[in-house]
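Residue numbers start at 1 and run along the sequence shown.
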Amino acid sequence: MSNAVRNRRFTITVLCCVASLWLVGCKKESASAPARPLPEVQVVTATPQTIPDQPEFIGQTDSSRPVEIRSQVTGILKERFFSEGRDVKKGERLYQIDPVPFQAAYLSAKAKVAQAKARLVQSQQNLKRVQPLLAEQAVSQKDVDDAVAEDLSARAALEGANADVVKSKFDLDNTLIVAPIAGRIERSKVFEGRLISAQTDLLTLVHQLDPMYVYASAPETFVLKRLRDRAEKRIQGATLYELRGVITFADGSIYPHEGALDMLEVAVRTATGTRDFRVTFPNPDNGLSPGQFVKLRIIGAVRTGAILIPQKAVQQGPKGSVVFVVGEGDKVELRDIQATAWKGTQWVVQEGLRAGDRVIVDGLQRIGPGMPVKPVPATGPEVSPSPPSAPPDKGSTL
């Protein structure tokens, strides 16, 4: 055997020994390394609860009785009596239109009544004279017929004259414009010296502020879902016209008086796909003014079978809200949910979770779908006690 062959065999033998020693060392090192611990996550158990059902809407206030002030006659505006933006009483003077032309028309109408009465007296006397003469054939039948016609014409003229008196007296009285209701008056839209057209020119408005209306709109999808929830007993408690309203102002303060829902529009607005409704609020201190935008919360009903989870457990996915839950074998699952509203620091989940689901609320940055985890009960202020049970169902309306 040559020296080259022996050297090659020796080299191969040495390399095999080194490789064997390296493999043995790796196995010992692998055997001695401890197993990597599972990531620990905090979970809350989904538990159906009965909670107050209090949807919120953006509403706008309006006076319960806005009355337009217009003139019944055409004339020159002579005087304004009220202070703009103040409260006025029913029957209080507001405007004076120059009454002189209407006084003249009234006196002329009364004079025509006197003329018509004189003509009637004359026609009655003439008829009384000719009727006996007809039996003696001293006058013709035509003379009698003419006397009867004249009497009827005189009566009609008197009735027409009386009607003119009524009309002229109405016009004269309406030169003084008074407040038809008690309320708060807007600024005047016309000034002294202007020619006012009857029933055309808007002079001002008077608003009755107590009670006050708040109008809001509910999407058609919301109304349809609420009807289904009522039918399935998910929503119970007050019926439609037993619901009440609470106002929150733009600065976060709460209006001290509750209102009553008293009107739901029959038809859906085709342009917006919404149904309007109205809540009436007492306004004894004039704390509400027409045109305010407020947050309107509807109270009185409860929702059964609702699941509450901490807000930090809810993530936003490509299709909406999602949560991570611990499924079978303590592996992470991604679940689509429908989170509809907030209650304190928690989301109200209506769809996507079942009773007993373990929802991950902490440790989300270390997990992914399909990963095994170690679930532990969550602690902290986010986990709140269950609210009181629901009152008995009163109907199947909104």
Side-chain angles (χ1 to χ4, degrees), residues 59-113 160-215 247 249-251 253 255-257 259 262-263 276 278-294:
Q60 188 172 18
T61 60
D62 194 7
S63 58
S64 56
R65 193 180 175 189
V67 178
E68 295 182 347
I69 306 300
R70 299 179 187 271
S71 174
Q72 296 275 19
V73 296
T74 297
I76 300 297
L77 182 61
K78 187 176 181 181
E79 190 173 359
R80 172 172 64 86
F81 300 104
F82 65 92
S83 297
E84 298 170 313
R86 309 291 179 85
D87 291 334
V88 295
K89 298 178 181 179
K90 182 177 180 179
E92 184 175 336
R93 296 185 306 168
L94 301 180
Y95 296 97
Q96 176 68 64
I97 292 177
D98 189 359
V100 173
F102 301 96
Q103 290 174 342
Y106 176 61
L107 294 175
S108 176
K110 290 178 66 176
K112 290 180 180 178
V113 169
N162 285 327
D164 290 340
V165 169
V166 172
K167 177 63 169 62
S168 59
K169 182 66 166 60
F170 173 82
D171 291 342
L172 178 61
D173 291 342
N174 278 280
T175 58
L176 178 62
I177 302 173
V178 299
I181 63 169
R184 183 163 297 175
I185 195 164
E186 289 188 3
R187 66 180 179 86
S188 179
K189 302 181 184 303
V190 295
F191 303 97
E192 290 85 347
R194 177 172 172 175
L195 176 63
I196 305 300
S197 298
Q199 303 177 357
T200 300
D201 292 332
L202 177 62
L203 308 184
T204 187
L205 284 91
V206 177
H207 296 273
Q208 181 177 322
L209 301 183
D210 188 16
M212 182 71 74
Y213 292 155
V214 177
Y215 289 94
I247 285 177
F249 293 111
D251 62 354
S253 59
Y255 185 62
H257 304 285
D262 66 345
M263 190 274 293
D276 296 340
R278 183 181 69 200
V279 182
T280 301
F281 286 85
N283 192 30
D285 303 322
N286 292 334
L288 297 175
S289 300
Q292 288 178 287
F293 285 97
V294 296

Any sub-3.5 Å donor-acceptor pair from [X]'s side-chain atoms to [Y]'s backbone N or O?
X	Y	value
Asp285	Gly287	no
Thr175	Leu172	yes
Thr280	Tyr213	no

Nearest-0.5 Å distance, [atom1] of residue [X] to [atom2] of residue [Y]:
X	Y	atom1	atom2	result
Leu202	Glu186	CG	CD	8.0 Å
Ser64	Asp262	OG	CG	10.5 Å
Ile97	Ile196	CD1	CD1	6.0 Å
Gln208	Asn283	CD	CG	10.5 Å
Ile177	Ser71	CD1	OG	4.5 Å
Thr61	Ile247	OG1	CD1	7.5 Å

Taking all non-hydrogen atoms of both residues, which atom of [X] and which atom of [Y] are closest, and how far apart?
X	Y	value
Met212	Asp62	SD-O, 2.8 Å
Ser289	Gln292	N-OE1, 2.7 Å
Thr204	Arg187	OG1-O, 3.1 Å
Pro284	His257	CG-NE2, 3.7 Å
Val67	Pro180	CG1-CG, 3.5 Å

| message | Closer than 4.0 angstrom, basic N to acidic O: yes or no for Asp164 and Lys112? | response | no
| task | Take Val190 and Tyr95 through the side-chain contact (heavy atoms from CB on, under 4.5 Å) test and state the conclusion after the steps. | result | CA-CA 10 Å; Val190 295; Tyr95 296 97; 4.2 Å; yes
Could you check whether any side-chain heavy atom of [X] comes within less than 4.5 Å of a side-chain heavy atom of [Y], counting everything from C-beta outward?
X	Y	answer
Pro290	Ser63	yes
Leu205	His207	yes
Leu94	Leu203	no
Arg278	Val214	no

What residues, two or more places apart in sequence or in another chain, satisfy side chain to side chain donor-acceptor pair (under 3.5 Å) together with [X]?
X	answer
Asp276	Ser217, Arg269
Gln72	Gln199
Asn174	none

Donor-acceptor contacts under 3.5 Å from residues 79-91 side chains, at least two apart:
residue : atom : partner : partner atom : Å
Arg80   : NH1  : Phe82   : O            : 2.7
Glu84   : OE2  : Ser188  : N            : 2.6
Asp87   : OD1  : Arg184  : NE           : 3.1

For residues 100-111, which side-chain N or O atoms pair as donor and acceptor with protein atoms under 3.5 Å away, sequence neighbours left out?
none

| task | Apply side-chain contact (heavy atoms from CB on, under 4.5 Å) to Thr74 and list each qualifying residue two or more places apart in sequence or on a separate chain. | result | Leu195, Ala198
